[in-house]
Amino acid sequence: MKYNYRHISPERCQEINNMKIPSPLPPYYPEFFVMESEGKKYFSSEDENLIFTAAFIPIPADREFYQEYYLLIKDNEYFIFNYKRVSNETVKKDNIIYADIVNEILPNDKIDNCNEKDEILHIISEMIKKSNTPHFNVIIREKILYNGKEIK
């Protein structure tokens, strides 16, 4: 499947907004996720059935206390999750710079209890990898972990 940053159709935005996806951040943040059809692009599949975005982002003053949360929407189901960078090393070999990155998706009850857990983790892993665009002449070699195991 082909993923890219794109505007989401107003119809799909309305479907998603009708889902009333709750914010995990404190009450002084917006109560629900709002998908905008104009101005903002989302990382998604061409058919808009899979959408990945940083959905709940604390203001800079709160980042010490709250994490950024990501959102995967698959058809009419959603998964709110976060991940952390475990390591980030740069290696230069034969005049090529490699960024060896390891990210770990943090434990998540909704993912753990999903009938399609392996598929959901694979989709999240692929979307994290594809949303990380290389800068300059750096080749990104990225691993995504869940519960300490690499997602293939």
Side-chain angles (χ1 to χ4, degrees), residues 1-86 88 99-147 149-152:
M1 191 166 292
K2 200 171 184 179
Y3 304 103
N4 210 337
Y5 284 97
R6 59 178 52 86
H7 295 283
I8 304 299
S9 68
E11 297 80 19
R12 182 67 170 139
C13 287
Q14 189 59 47
E15 288 174 11
I16 291 166
N17 291 338
N18 288 341
M19 294 167 78
K20 301 274 189 215
I21 300 171
S23 172
L25 294 174
Y28 53 87
Y29 283 91
E31 187 176 1
F32 301 107
F33 172 73
V34 175
M35 179 158 279
E36 303 166 16
S37 61
E38 295 179 19
K40 186 170 181 185
K41 291 184 178 182
Y42 298 89
F43 196 68
S44 69
S45 59
E46 290 176 291
D47 62 6
E48 299 181 348
N49 284 332
L50 291 172
I51 300 170
F52 173 79
T53 188
F56 305 102
I57 304 169
I59 59 173
D62 282 349
R63 290 205 175 142
E64 181 180 338
F65 308 104
Y66 303 106
Q67 301 175 38
E68 186 170 302
Y69 288 87
Y70 296 84
L71 176 64
L72 172 70
I73 299 168
K74 180 181 184 279
D75 301 318
N76 292 316
E77 189 170 16
Y78 66 86
F79 299 87
I80 298 169
F81 64 95
N82 46 18
Y83 66 91
K84 66 178 180 180
R85 180 144 301 165
V86 177
N88 184 8
D100 293 328
I101 299 170
V102 178
N103 288 315
E104 183 161 22
I105 301 168
L106 300 179
N108 184 297
D109 288 340
K110 187 167 183 181
I111 293 172
D112 287 338
N113 295 320
C114 175
N115 290 335
E116 301 172 318
K117 176 182 174 181
D118 291 339
E119 179 187 1
I120 295 301
L121 286 171
H122 177 74
I123 291 168
I124 291 171
S125 172
E126 288 302 305
M127 290 197 139
I128 290 171
K129 288 176 183 177
K130 290 180 182 188
S131 67
N132 287 333
T133 55
H135 300 285
F136 309 107
N137 292 322
V138 177
I139 296 173
I140 295 177
R141 300 185 295 197
E142 191 167 14
K143 291 182 184 177
I144 309 292
L145 308 175
Y146 188 72
N147 290 333
K149 296 179 184 172
E150 185 176 358
I151 300 168
K152 298 281 182 176

Problem set entry | Partner set under salt bridge (charged side-chain N to carboxylate O under 4.0 Å, His left out) for E126, not counting sequence neighbours |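 So E126 forms no salt bridge (charged side-chain N to carboxylate O under 4.0 Å, His left out) with any residue.
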Exercise. Who passes salt bridge (charged side-chain N to carboxylate O under 4.0 Å, His left out) against K152, sequence neighbours left out?
Worked result: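 For K152 the salt bridge (charged side-chain N to carboxylate O under 4.0 Å, His left out) partners, ignoring immediate neighbours, are E150.
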Tell me, please, which residues at least two apart from [X] pass side-chain hydrogen bond (donor to acceptor under 3.5 Å, both in side chains).
{"X": "E142", "result": "N103, N132"}
{"X": "S9", "result": "E48"}
{"X": "E104", "result": "none"}
{"X": "N137", "result": "none"}

Apply side-chain contact (heavy atoms from CB on, under 4.5 Å) to [X] and list each qualifying residue two or more places apart in sequence or on a separate chain.
{"X": "E119", "result": "K74, E116, I123"}
{"X": "N76", "result": "R12, E15"}
{"X": "D100", "result": "V91, Y98, R141"}
{"X": "V102", "result": "V86, S87, K143, L145"}

Exercise. Under the salt bridge (charged side-chain N to carboxylate O under 4.0 Å, His left out) rule, what pairs show up with a residue in residues 19-32, not counting sequence neighbours?
Worked result: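 Matches after skipping sequence neighbours: none remain.
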Exercise. Just by modelled atom types, is the N108 backbone N or O under 3.5 Å from a matching donor or acceptor in the Y146 side chain?
Worked result: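 Flag set: sc Y146 to bb N108 pair under 3.5 Å.
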Problem set entry | Donor-acceptor under 3.5 Å (N88 side chain, A99 main chain) |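 Answer holds: no.
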For this session: Check whether any side-chain heavy atom of I16 lies under 4.5 Å from a side-chain heavy atom of Y78, and answer yes or no.
Result: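 Not in contact.
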Exercise. Under 4.5 Å between any side-chain heavy atoms of I105 and I128, yes or no?
Worked result: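 Result yes, sub-4.5 Å side-chain heavy-atom pair found.
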What is the minimum heavy-atom distance between [X] and [Y], and which atoms define it?
{"X": "P22", "Y": "I80", "value": "O-CD1, 3.3 Å"}
{"X": "P10", "Y": "S37", "value": "CA-CB, 3.8 Å"}
{"X": "L50", "Y": "D47", "value": "N-OD1, 4.4 Å"}

Roughly how far, to the nearest 0.5 Å, is [atom2] of [Y] from [atom1] of [X]?
{"X": "E68", "Y": "L25", "atom1": "CD", "atom2": "CG", "result": "9.5 Å"}
{"X": "K41", "Y": "H7", "atom1": "NZ", "atom2": "NE2", "result": "4.5 Å"}
{"X": "F32", "Y": "M19", "atom1": "CZ", "atom2": "CE", "result": "12.5 Å"}
{"X": "I21", "Y": "I73", "atom1": "CD1", "atom2": "CD1", "result": "4.0 Å"}
{"X": "I140", "Y": "I101", "atom1": "CD1", "atom2": "CD1", "result": "4.5 Å"}
{"X": "K130", "Y": "F43", "atom1": "NZ", "atom2": "CZ", "result": "7.0 Å"}

Exercise. Is N115 atom CG crowded by more than 12 heavy atoms from other residues, nucleotides or ligands, each under 6.0 Å away?
Worked result: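 Count not over threshold, so no.
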Exercise. Taking the six-membered ring of F79, is NZ or CZ of K110 closer than 6.0 Å to its centre and within 45° of its axis?
Worked result: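 K110 over F79 ring: yes.
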Return a table of donor-acceptor pairs under 3.5 angstrom between the side chains of residues 51-67 and protein atoms on other chains or two or more places apart.
residue : atom : partner : partner atom : Å
D62     : OD1  : Y28     : OH           : 3.4
D62     : OD2  : Y28     : OH           : 2.7
D62     : OD2  : Y29     : OH           : 2.7
R63     : NE   : P58     : O            : 3.1
R63     : NH2  : P58     : O            : 3.3
Q67     : OE1  : N82     : ND2          : 2.5

